[in-house]
Amino acid sequence: MSSFLKLCKNYYGTKDLYEVLRIGKKSTPDEVKKAYRKLSLEVHPDRVLEEEKENATEKFKILGKVYSILSDPEKRNVYDETGSIDDDDDLSGRDWSQYWRSLFKEISFEDIIDYEKKYKSSEEELEDLIQSYKNGKGSMDYIYDHVPFASPEDDDRIRNILQELIDKGELPKHKAFINDTPRKREARKRKFMKEAGEAEKAKKEILKKKKGASDEDLGDMDALKAIMMRRKEREASADALFQHLEDKYCKPKGKKGKK
């Protein structure tokens, strides 16, 4: 077994590169990148407690090399066919943080605001509303927790959209939707306003810190999630949304262009 695969075993409990990223061998390049992004955010040295930094740094390096292998068609084919990798690329010989930043460009608050305007009343939002209505069996609380940007301000608009689909027979009737009383809506609004206030506070703190920070600062990600998603339950759908924003707005280094 190569020294790198031993490291994978020591830090991730497996020498299988696909298992390290928690994906299957038939995963597409986009799925490989998404898995790497998600895991690297969990162990990035700048995002963990001080006592966890040393361990997180090693895990972060390992993830970087795993992705560099599985994202390279030639290296991936060799690994798939032989189960072996080239150990010449020493983990300490590369700046893995810089490598990470080259893959995942910074997304601005303006990008999210722009996307929100295009998302609302779009086919994409309609699909998310329908799916959330079905999964939550008509619960408006569930819908607000799983549809990006949904807020009490959209209550009448969202209810009208769903009611029209119900009247057409395209959605089933659910008691949770029918019995969503004004009292429940008011409670939901109070909760939302509290969370929105916390998100705005987080945004101001991040902007304040970034005045003296570099563009490489990773602190934005949590703030963006807090502002855009507002609730922990929405973070699952945030991954796909951020991937869309990255593809749409982020420009490769060296090219001129405006976000």
Side-chain angles (χ1 to χ4, degrees), residues 22-23 27-39 41 103-174 176-178 180 185 188-189 191-193 195-196 199-200 202-203 220-252 257-259:
R22 304 174 191 170
I23 56 176
S27 296
T28 66
D30 283 343
E31 290 171 335
V32 173
K33 185 175 183 179
K34 181 178 178 180
Y36 168 56
R37 179 182 180 280
K38 181 178 181 180
L39 289 175
L41 285 173
L103 295 171
F104 307 111
K105 308 297 182 180
E106 186 178 19
I107 299 168
S108 71
F109 294 118
E110 289 75 17
D111 292 337
I112 290 182
I113 293 171
D114 181 57
Y115 183 75
E116 178 180 7
K117 292 177 181 177
K118 295 175 181 177
Y119 175 82
K120 288 191 173 182
S121 300
S122 67
E123 286 296 320
E124 185 178 0
E125 183 195 42
L126 179 60
E127 291 175 5
D128 290 342
L129 285 173
I130 291 173
Q131 193 60 52
S132 294
Y133 178 88
K134 291 178 179 179
N135 292 346
K137 298 187 182 303
S139 169
M140 289 297 289
D141 288 331
Y142 186 94
I143 290 171
Y144 282 123
D145 283 344
H146 292 81
V147 175
F149 306 114
S151 74
E153 296 175 359
D154 301 305
D155 199 275
D156 289 339
R157 181 178 66 86
I158 290 175
R159 292 186 66 83
N160 289 337
I161 291 172
L162 295 174
Q163 188 61 58
E164 184 176 347
L165 293 173
I166 292 171
D167 294 340
K168 291 179 179 179
E170 296 179 18
L171 282 179
K173 292 182 180 180
H174 284 302
F177 182 76
I178 298 172
D180 189 58
R185 297 178 204 174
R188 190 160 53 236
K189 183 177 180 179
K191 182 180 179 182
F192 180 88
M193 293 303 293
E195 292 165 345
E200 185 63 25
K203 175 184 175 182
D220 254 318
M221 190 60 69
D222 286 333
L224 292 176
K225 277 189 177 181
I227 295 161
M228 183 184 70
M229 309 313 286
R230 294 193 176 94
R231 306 179 187 191
K232 292 181 179 179
E233 291 88 341
R234 297 187 185 183
E235 291 187 5
S237 58
D239 287 330
L241 192 53
F242 271 102
Q243 185 64 57
H244 178 92
L245 286 168
E246 286 165 356
D247 294 341
K248 184 175 180 62
Y249 292 105
C250 298
K251 308 294 183 182
K258 183 179 180 181
K259 283 186 180 181

From [X] atom [atom1] to [Y] atom [atom2], the distance as rounded to the nearest 0.5 Å:
| X | Y | atom1 | atom2 | answer |
| --- | --- | --- | --- | --- |
| Glu153 | Ile158 | CD | CD1 | 11.0 Å |
| Ile23 | Leu39 | CD1 | CG | 9.0 Å |
| Ser27 | Lys34 | OG | NZ | 11.5 Å |
| Thr28 | Glu31 | OG1 | CD | 3.5 Å |
| Leu126 | Ser122 | CG | OG | 8.0 Å |

Arg159 meets the side chain to side chain contact (heavy atoms under 4.5 Å, CB included) criterion, sequence neighbours left out, with Met140, Asp155, Phe177, Asp180, Arg185

Does Lys120 have any side chain to side chain contact (heavy atoms under 4.5 Å, CB included) partners at least two apart in sequence or in another chain, and if so, which? Glu116, Glu125, Phe149, Asp154, Arg157

Contacts under 3.5 angstrom, residues 162-172 side chains, donor-acceptor by atom type, not counting sequence neighbours:
from, atom 1, to, atom 2, distance (Å)
Gln163, NE2, Asp167, OD1, 3.0
Glu164, OE2, Lys168, NZ, 3.3

Mark yes or no for whether Ser132, through its side chain, and Asp128, through its backbone, hold a donor-acceptor pair below 3.5 Å. yes

Taking the side chain as C-beta and beyond, is there a heavy-atom pair between Tyr142 and Lys137 under 4.5 Å? no

Residue pair Ala150 / Tyr144: nearest heavy atoms and the distance that separates them: CB-CD2, 3.5 Å

